[in-house]
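Heavy atoms only: backbone and side chains are in, while hydrogens, waters and symmetry mates are out. Only a predicted model underlies this, so the values are computations on that prediction, with no experimental measurement involved.
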Amino acid sequence: MNSIYWIVILVILIFIEIITLGLTTIWFAGGALAAFILSLFFDSLLAEIVIFLVVSLLLLYFTRPVILKYFNPKRTKTNYEGVIGKEALVIVPIDNVKATGQVVVDGQEWSAKTADGSRIEKDAKVIVQGITGVKLVVSPKKEEAAE
């Protein structure tokens, strides 16, 4: 009987999951449970291994995205691409040479640099052109450029 081995594997996988809380081994613990149940009725190691793999992979594929979406409290949704095209206010003068500059967009502060390398003073309005790394790439707003 392979039942004892499957219980040991199940306990080890659950223990690893409890320690890491990474939602990585829980799916294989489900597969080990299915293999354990099968081992109570049939004594076929090959069938148990196949059930272990199939159930583990099915659980991983179908339930992991749902679990991560609804039960991962550390996950914060960010829509960084939503700021592209928006107007921002310069709160720290932008100077690419000195690597300084900050803007506020939708109440959030961002580091910023200019698209063309020009310097933009505090309180100027700019338009977000894109994002490079963690910095917004901005250009002067048309009214500001005309002044």
Side-chain angles (χ1 to χ4, degrees), residues 2 4-39 45-147:
N2 300 318
I4 295 182
Y5 297 117
W6 289 114
I7 284 292
V8 169
I9 292 170
L10 176 64
V11 169
I12 290 170
L13 290 171
I14 290 174
F15 179 73
I16 292 170
E17 185 63 41
I18 289 170
I19 290 173
T20 63
L21 294 175
L23 292 176
T24 52
T25 60
I26 194 71
W27 323 112
F28 297 99
L33 179 62
F36 166 72
I37 292 170
L38 180 68
S39 72
L45 182 60
L46 180 61
E48 294 163 16
I49 291 172
V50 168
I51 288 296
F52 168 75
L53 291 173
V54 168
V55 170
S56 296
L57 294 175
L58 286 174
L59 285 173
L60 184 66
Y61 184 77
F62 288 111
T63 62
R64 187 171 194 269
V66 174
I67 297 295
L68 289 178
K69 181 177 180 182
Y70 292 109
F71 296 108
N72 191 351
K74 293 180 184 176
R75 181 174 178 243
T76 56
K77 291 184 179 180
T78 58
N79 189 8
Y80 68 90
E81 291 176 337
V83 298
I84 296 174
K86 288 193 174 183
E87 182 179 289
L89 177 66
V90 178
I91 58 172
V92 173
I94 301 172
D95 188 339
N96 290 3
V97 175
K98 294 180 182 176
T100 61
Q102 285 189 331
V103 298
V104 173
V105 182
D106 293 337
Q108 293 183 331
E109 292 183 16
W110 289 79
S111 295
K113 65 180 184 177
T114 57
D116 60 1
S118 63
R119 180 175 162 77
I120 301 177
E121 297 300 323
K122 183 178 178 183
D123 296 325
K125 292 182 181 175
V126 294
I127 301 296
V128 178
Q129 300 297 321
I131 300 173
T132 302
V134 294
K135 286 190 176 191
L136 296 183
V137 178
V138 299
S139 60
K141 191 172 177 189
K142 297 285 187 232
E143 297 86 28
E144 297 291 327
E147 292 180 2

Q: Distance check, rounded to the nearest 0.5 Å: L38 atom CG versus N2 atom CG?
A: 10.0 Å
Q: Restricting to non-hydrogen atoms, name the atom on I14 and the atom on A29 that form the minimum distance, rounded to 0.1 Å.
A: CG1-CB, 3.9 Å
Q: I'd like to know if the side chain of D116 reaches the main chain of S118, judged simply by a donor and an acceptor atom lying under 3.5 Å from each other, with no hydrogens or angles considered.
A: yes
Q: Can I9 and W6 be said to form a side-chain contact (heavy atoms from CB on, under 4.5 Å), step by step?
A: CA-CA 5 Å; I9 292 170; W6 289 114; 4.0 Å; yes
Q: So, for G31 and S56, which heavy atoms are closest and what is the spacing to 0.1 Å?
A: CA-OG, 3.3 Å
Q: Walk me through it: do E87 and I127 pass the test side-chain contact (heavy atoms from CB on, under 4.5 Å)?
A: CA-CA 5 Å; E87 182 179 289; I127 301 296; 4.2 Å; yes
Q: Under 3.5 Å, is there a donor-acceptor pair between the side chain of N96 and the main chain of K113?
A: no
Q: Do the side chains of P140 and I120 get nearer than 4.5 Å, heavy atoms only?
A: yes
Q: So which heavy atom on A88 is nearest to which on V103, and how close?
A: CB-CB, 3.9 Å
Q: Can you tell me how far apart CZ (F62) and CG (L57) are? Round to the nearest 0.5 Å.
A: 11.0 Å
Q: Can you name the closest pair of heavy atoms from I131 and V83 and give their distance?
A: CD1-CG2, 4.2 Å
Q: Can you name the nearest heavy-atom pair linking Q102 to I94, along with the distance?
A: N-CG1, 4.4 Å
Q: Evaluate whether atom CD1 of I4 has more than 12 neighbouring non-hydrogen atoms of other residues, nucleotides or ligands under 6.0 angstrom away.
A: no
Q: Donor-acceptor check, side chain of T25 to backbone of L13, threshold 3.5 angstrom: yes or no?
A: yes
Q: Rounded at 0.5 Å granularity, tell me how far CG in L58 sits from CH2 in W27.
A: 12.5 Å
Q: May I have the step-by-step check of side-chain contact (heavy atoms from CB on, under 4.5 Å) for L45 and E48, ending in yes or no?
A: CA-CA 5 Å; L45 182 60; E48 294 163 16; 4.0 Å; yes
Q: Give me the atom names and distance for the closest heavy-atom approach of Q129 to S139.
A: NE2-OG, 2.8 Å
Q: Hey, what do you get for CD1 (I51) to CG (L46), rounding to the nearest 0.5 Å?
A: 10.5 Å
Q: Drop me the distance from Q108's CD to L136's CG, to the nearest 0.5 angstrom.
A: 10.0 Å
Q: When rounded to the nearest 0.5 angstrom, what distance separates CG in L89 from NZ in K141?
A: 11.0 Å
